[in-house]
Amino acid sequence: MTRAFFRRPVVEVARDLVGCVVRHGGTAGVIVETEAYHDSESACHAHAGLTPRTATLFGAPGHAYVYRSYGIHAMLNAVTEPEGVGSAVLIRALEPLAGLEAMRQRRGLERLEDLCSGPGRLTQALGIGLDLNGSDLLDGPIRFEPRAPDFDGRVQATAPRVGITKAVELPWRFTAEGNRFVSRPRPAAGALA
DNA sequence: CATGGGATTGACT
DNA sequence: GTCAATCCCATGC
């Protein structure tokens, strides 16, 4: 994974991150679901402009944007595009890969499908908190690793993003087709990226 | 300074 | 299906 990988258009990065690995501490998972956010559309936090909250989004690519949602859940994003552009890829679901016992302890659940299948769930499972906002994804506590060469899953591109009220029409949700760790609602079978 | 809403989840009817 | 929990922080008076 390189800085140049993240400096590209956010939609391309969101598509290409499916199949890549996220590692934090002893835990890791394969990304099976992402969403793209860009300051040019109103569903993105950066749409309001540069504020203390969104500073990370406008910063250098390849860094983590972590924020709290609904007062409870931490959300993990990867900042993309050149510095000055507010954009990021939300990581929505992982397929558990390593540190399963730590994940089960943090989540208080046993079922594999319940550990990381949701944006708030995966941050809890990996132990990712708000203190990691702004940290480097290439050389920091959270590491993004390239897609495994044998990743054979196809990437599905047509699903609308989840839980937003604005710019709902943009098909910027990407999932590993047919993967059982994708969060709900499951996208219908559709076009491939 | 007060207020309101949000890239969600899980418990309960 | 419905609904409350709970905390930043942007916005507006």
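Throughout, protein chains are lettered first and strands after them, A, B, ... in sequence-line order, and every chain is numbered starting at 1. Quick caveat, the model's predicted, so the values are computed rather than measured.
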Within 45 degrees of the ring normal and closer than 6.0 Å to the centroid, is that where the cationic atom of R3(A) sits relative to F6(A)?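 Pair R3(A)/F6(A) does not count as cation-pi.
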
Looking for any heavy atom pair under 4.0 Å, which part of the strands does R121(A) touch: base, sugar-phosphate only, or nothing?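 Since only primed, P, OP1 and OP2 atoms lie under 4.0 Å of R121(A), the category is sugar-phosphate.
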
Mind checking whether V10(A) and I164(A) sit in one hydrophobic cluster, side chains of I, L, V, M, F, W, Y counted as touching below 4.5 Å?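 Hydrophobic grouping puts V10(A) apart from I164(A).
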
What is the distance from [atom1] of [X] to [atom2] of [N], rounded to the nearest Å?
X: L115(A); N: dT9(B); atom1: CG; atom2: P; result: 13 Å
X: D114(A); N: dA11(B); atom1: CG; atom2: P; result: 11 Å
X: R106(A); N: dT9(B); atom1: CZ; atom2: C1'; result: 19 Å
X: D39(A); N: dA7(B); atom1: CG; atom2: P; result: 16 Å
X: Y67(A); N: dA7(B); atom1: OH; atom2: P; result: 6 Å
X: L170(A); N: dA7(B); atom1: CG; atom2: C1'; result: 14 Å
X: I128(A); N: dA7(B); atom1: CD1; atom2: C1'; result: 15 Å

Can you tell me how far P in dT13(B) sits from the matching atom in dA5(C), rounded to whole Å?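 Roughly 14 Å separates the two P atoms.
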
Treating D39(A) as the side-chain partner and A46(A) as the backbone partner, does any N or O pair qualify as donor plus acceptor under 3.5 Å?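 Not a single qualifying donor-acceptor pair exists.
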
Just by modelled atom types, is the A64(A) backbone N or O under 3.5 Å from a matching donor or acceptor in the S135(A) side chain?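 Looks like no, no N/O pair under 3.5 Å.
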
Could you list the cluster mates of V30(A)? Members are the ILVMFWY residues connected by side-chain heavy atoms closer than 4.5 Å, either directly or through other members.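 Cluster partners of V30(A): V21(A), L97(A).
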
Specify the closest pair of heavy atoms between P9(A) and E81(A), including all atoms of both residues, with the distance to one decimal.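 The answer is CA-OE2, 3.4 Å.
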
Listed nucleotide nearest any side-chain atom of R107(A), set dG10(B), dT8(B), dA7(B):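 Among dG10(B), dT8(B), dA7(B), the one nearest the side chain of R107(A) is dG10(B).
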
Closest to the I164(A) side chain: dG10(B), dT9(B), dA7(B)?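 Looking only at heavy atoms from C-beta outward on I164(A), the closest nucleotide is dA7(B).
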
Pair partner, dA7(B) [Watson-Crick or wobble, under 3.5 Å]: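 The base-pairing partner of dA7(B), which may sit in any strand shown, does not exist here.
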
Could you point out which residue of H47(A), R161(A), K166(A) forms a side chain to side chain donor-acceptor pair (under 3.5 Å) with E41(A)?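 With E41(A) as partner, H47(A), R161(A), K166(A) yield a single side chain to side chain donor-acceptor pair (under 3.5 Å), made by R161(A).
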
Its contact letters, B for base, S for sugar-phosphate only and - for none at protein heavy atoms under 4.0 Å, make nucleotides 5-13 of chain C read BBBSSSS--

